[in-house]
Enquirer: 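Would you mind keeping the following structure in view while I ask a few things?
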Amino acid sequence: MNPVIDTLINHRSDRSYLDKAIPDAVLDNIILSAYRAPTSIHSQQVSVIVTRDKATKAKIAELAGGQPWIAQAPVFITFVLDMHKSREAMKLIDEQQIAHESIESIVSGSTDVGIALASAMAAARAQGLGVVPIGGMRISPAEFIELFELPPLTFPLVGLALGYVDRPAELKPRLPLSTFRHDEKYQTEGMVEQIAQFNHELEQHWKNIDRNGGEDWSHTVANYYKHIYFPDVLPALLKQGFGKDK
């Protein structure tokens with residue numbers, strides 16, 4: 001199989017890292033891969049904060065909900081939705097940016113951050129590293145804004161812990177491919193039955209790897225989606241100058 005395809009379809013979220021530094025050249029390749037990722041209208045509305053300092057990583061781990069692998073990983077990268085740069089660019093030609101007042105800017109910017117994140121993960125794994133993306137940064141966005149001294153019109157969307165793997169993670173099963181791939185039109189027929197079958201499959205996976213307390217998929221998503229689990233995102237976005245009413 002093509003090594004790129006093999007890397008992508010065998011993704012694992014690794015949460016156990018060796019105490020081994022990442023060489024500058026390896027890290028530079030990861031950053032450059034994210035830097036060269038496509039962005040909407042060439043807006044380049046993504047920035048990254050690279051953290052190696054142990055005390056700062058420990059603080060990030062705490063603010064992100066107590067995730068010890070963040071502190072353990074030799075490098076942590078924060079991906080920032082950044083419309084500060086575009087506003088400054090428009091000032092140079094006496095134009096005023098208003099796009100950040102719309103929900104579309106958040107959707108577009110989040111999409112671009114996701115593309116950059118995916119590029120960084122692929123580049124890291126291609127060089128022998130393990131990774132785990134961290135959405136828990138959105139638990140405390142205001143604190144991260146202060147920690148990284150982020151200017152207005154920026155927002156810390158997601159992070160990435162990376163390092164050389166100590167104990168490799170297991171490859172998790174997924175919902176049937178037919179719930180993901182829809183040819184021509186979205187197909188709902190049989191989906192409930194397929195989800196029910198996947199619930200049993202996932203429960204069996206947890207038993208096979210001796211993970212006590214592993215839940216089926218319905219309960220897993222219910223634990224998060226039955227309430228707004230990152231309620232501080234909207235007030236932090238608004239405080240940073242983003243809008244949602246246009």
Side-chain angles (χ1 to χ4, degrees), residues 11-24 26-28 30-31 33-34 46-82 110 113-114 116-125 127-151 154-172 206 209 211-215 220-221 223-225 227-237 239-240:
H11 169 80
R12 292 164 171 81
S13 290
D14 287 299
R15 295 178 172 86
S16 177
Y17 301 105
L18 298 170
D19 184 15
K20 179 181 177 181
I22 298 175
D24 287 343
V26 172
L27 181 58
D28 288 348
I30 295 166
I31 299 302
S33 296
V46 183
S47 291
V48 297
I49 310 291
V50 179
T51 303
R52 284 171 153 167
D53 180 75
K54 290 185 177 180
T56 305
K57 286 187 296 171
K59 184 64 175 179
I60 294 170
E62 174 191 344
L63 292 175
Q67 301 188 51
W69 39 86
I70 295 175
Q72 185 188 41
V75 174
F76 188 82
I77 302 173
T78 301
F79 289 78
V80 178
L81 164 57
D82 187 350
S110 298
V113 165
L117 172 66
S119 296
M121 289 194 294
R125 296 191 62 239
Q127 297 178 101
L129 300 176
V131 300
V132 57
I134 305 294
M137 301 191 71
R138 298 190 300 279
I139 296 174
S140 308
E143 286 82 355
F144 280 114
I145 291 166
E146 180 179 1
L147 178 66
F148 296 129
E149 299 181 3
L150 297 179
T154 61
F155 192 82
L157 273 177
V158 66
L160 183 67
L162 61 159
Y164 293 99
V165 177
D166 182 10
R167 297 183 303 277
E170 298 285 342
L171 187 66
K172 289 182 185 176
W206 299 135
I209 65 172
R211 175 170 163 178
N212 296 325
E215 296 182 312
T220 297
V221 293
N223 289 336
Y224 294 95
Y225 289 170
H227 53 78
I228 307 301
Y229 60 102
F230 292 155
D232 294 331
V233 168
L234 179 58
L237 276 166
K239 188 174 181 180
Q240 283 295 94

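Computed from heavy atoms alone, side chains included, the values below leave out hydrogens, waters and symmetry copies.
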Enquirer: Restricting to non-hydrogen atoms, name the atom on His11 and the atom on Ser13 that form the minimum distance, rounded to 0.1 Å.
Expert: NE2-OG, 3.4 Å

Enquirer: Rounded to the nearest 0.5 Å, what separation is found between the OG1 atom of Thr78 and the CG atom of Leu157?
Expert: 10.5 Å

Enquirer: Can you confirm whether more than 12 heavy atoms, excluding those of Ile209, are under 6.0 Å from its CD1 atom?
Expert: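 Yes, because the 6.0 Å sphere around CD1 of Ile209 holds more than 12 heavy atoms from other groups.
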
Enquirer: For Asp232, enumerate each residue passing the side-chain hydrogen bond (donor to acceptor under 3.5 Å, both in side chains) test, keeping only those at least two apart in sequence or located in another chain.
Expert: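 Asp232 satisfies side-chain hydrogen bond (donor to acceptor under 3.5 Å, both in side chains) with no other residue.
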
Enquirer: Nearest 0.5 Å please: distance from the CD1 atom of Ile134 over to the CD atom of Gln67.
Expert: 4.0 Å

Enquirer: By ring-ring contact (aromatic ring centres under 6.0 Å, His included), which residues pair with Tyr224, not counting sequence neighbours?
Expert: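 Checked Tyr224 against ring-ring contact (aromatic ring centres under 6.0 Å, His included); matches are Tyr229.
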
Enquirer: Working to the nearest 0.5 Å, report the span between CD of Glu170 and CG of Asp14.
Expert: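 Rounded to the nearest 0.5 Å, the CD-CG separation comes to 10.5 Å.
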
Enquirer: Using 0.5 Å steps for rounding, measure from the CD1 atom of Ile30 to the CG atom of Leu129.
Expert: 5.0 Å

Enquirer: Ignoring hydrogens, what is the shortest heavy-atom contact between Ile145 and Pro156? Give both atom names and the distance.
Expert: CG1-CD, 3.7 Å

Enquirer: If you look only at pairs with a residue in residues 137-150, which of them pass as a side-chain hydrogen bond (donor to acceptor under 3.5 Å, both in side chains), with sequence neighbours excluded?
Expert: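 Not a single pair qualifies under side-chain hydrogen bond (donor to acceptor under 3.5 Å, both in side chains).
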
Enquirer: Hey, mind stepping through Met121 and Leu160 against side chain to side chain contact (heavy atoms under 4.5 Å, CB included) and telling me if it holds?
Expert: CA-CA 8 Å; Met121 289 194 294; Leu160 183 67; 3.6 Å; yes

Enquirer: Could you grab the distance from atom CG of Leu150 to atom CZ of Phe144, nearest 0.5 Å is fine?
Expert: 10.5 Å

Enquirer: Could you work out, with side-chain contact (heavy atoms from CB on, under 4.5 Å) as the rule, every residue matching Ser47, not counting sequence neighbours?
Expert: Val80, Asp82, Lys85

Enquirer: So, for Arg15 and Gln72, which heavy atoms are closest and what is the spacing to 0.1 Å?
Expert: O-OE1, 3.8 Å

Enquirer: Does Thr51 form a side chain to side chain contact (heavy atoms under 4.5 Å, CB included) with Ile60? I'd like the steps, not just the answer.
Expert: CA-CA 9 Å; Thr51 303; Ile60 294 170; 3.9 Å; yes

Enquirer: Apply side-chain contact (heavy atoms from CB on, under 4.5 Å) to Asn212 and list each qualifying residue two or more places apart in sequence or on a separate chain.
Expert: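 So Asn212 forms no side-chain contact (heavy atoms from CB on, under 4.5 Å) with any residue.
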
Enquirer: Check for a donor-acceptor pair, side chain of Asp53 on one end and backbone N or O of Ala55 on the other, with a separation under 3.5 Å.
Expert: yes

Enquirer: Could you walk me through whether Tyr164 and Ile22 pass the side chain to side chain contact (heavy atoms under 4.5 Å, CB included) check?
Expert: CA-CA 8 Å; Tyr164 293 99; Ile22 298 175; 4.2 Å; yes

Enquirer: Counting N and O atoms only, with roles assigned by atom type, does the side chain of Lys57 sit under 3.5 Å from a partner on the main chain of Ala73, one being a donor and the other an acceptor?
Expert: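 Checked: pair present.
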
Enquirer: How close do Val131 and Tyr17 get, heavy atom to heavy atom, and via which atoms?
Expert: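 Closest heavy-atom pair between Val131 and Tyr17: C-OH, 3.6 Å.
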
Enquirer: Out of Val50, Ile70, Ile49, which residue meets the side chain to side chain contact (heavy atoms under 4.5 Å, CB included) rule with Phe76?
Expert: Ile70

Enquirer: Under 3.5 Å, side chain of Glu62 to main-chain N/O of Ala58, donor-acceptor pair present?
Expert: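 Not a single qualifying donor-acceptor pair exists.
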
Enquirer: Looking only at non-hydrogen atoms, find the nearest pair between Ala142 and Ala236 and report the distance.
Expert: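 Looks like N-CB, 4.4 Å.
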
Enquirer: Verify, without hydrogens or angle tests, whether Gln240 (side chain) and Thr154 (backbone) share a donor-acceptor contact under 3.5 angstrom.
Expert: yes

Enquirer: Under the side-chain hydrogen bond (donor to acceptor under 3.5 Å, both in side chains) rule, collect the residues that match up with Asp24, sequence neighbours excluded.
Expert: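 Only Arg52 meet the side-chain hydrogen bond (donor to acceptor under 3.5 Å, both in side chains) criterion with Asp24.
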
Enquirer: With a 3.5 Å distance limit and no angle check, can you tell me whether Trp206 reaches the backbone of Glu215 through a side-chain donor-acceptor pair?
Expert: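 Judged by distance alone, yes, a pair lies under 3.5 Å.
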
Enquirer: Would the distance check show the side chain of Asp166 and the main-chain N or O of Leu18 forming a donor-acceptor pair, the cut-off being under 3.5 Å?
Expert: no

Enquirer: Taking the side chain as every heavy atom from C-beta outward, state whether Phe155 and Val233 have any pair of such atoms under 4.5 Å apart.
Expert: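 Yes - at least one pair of side-chain heavy atoms lies under 4.5 Å apart.
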
Enquirer: Can you tell me how far apart CG (Leu162) and CD1 (Ile77) are? Round to the nearest 0.5 Å.
Expert: 5.0 Å

Enquirer: At their closest point, which heavy atom of Pro133 faces which heavy atom of Leu117, and how far apart are they?
Expert: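 Heavy atoms of Pro133 and Leu117 come nearest at CB-CD2, 4.2 Å.
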
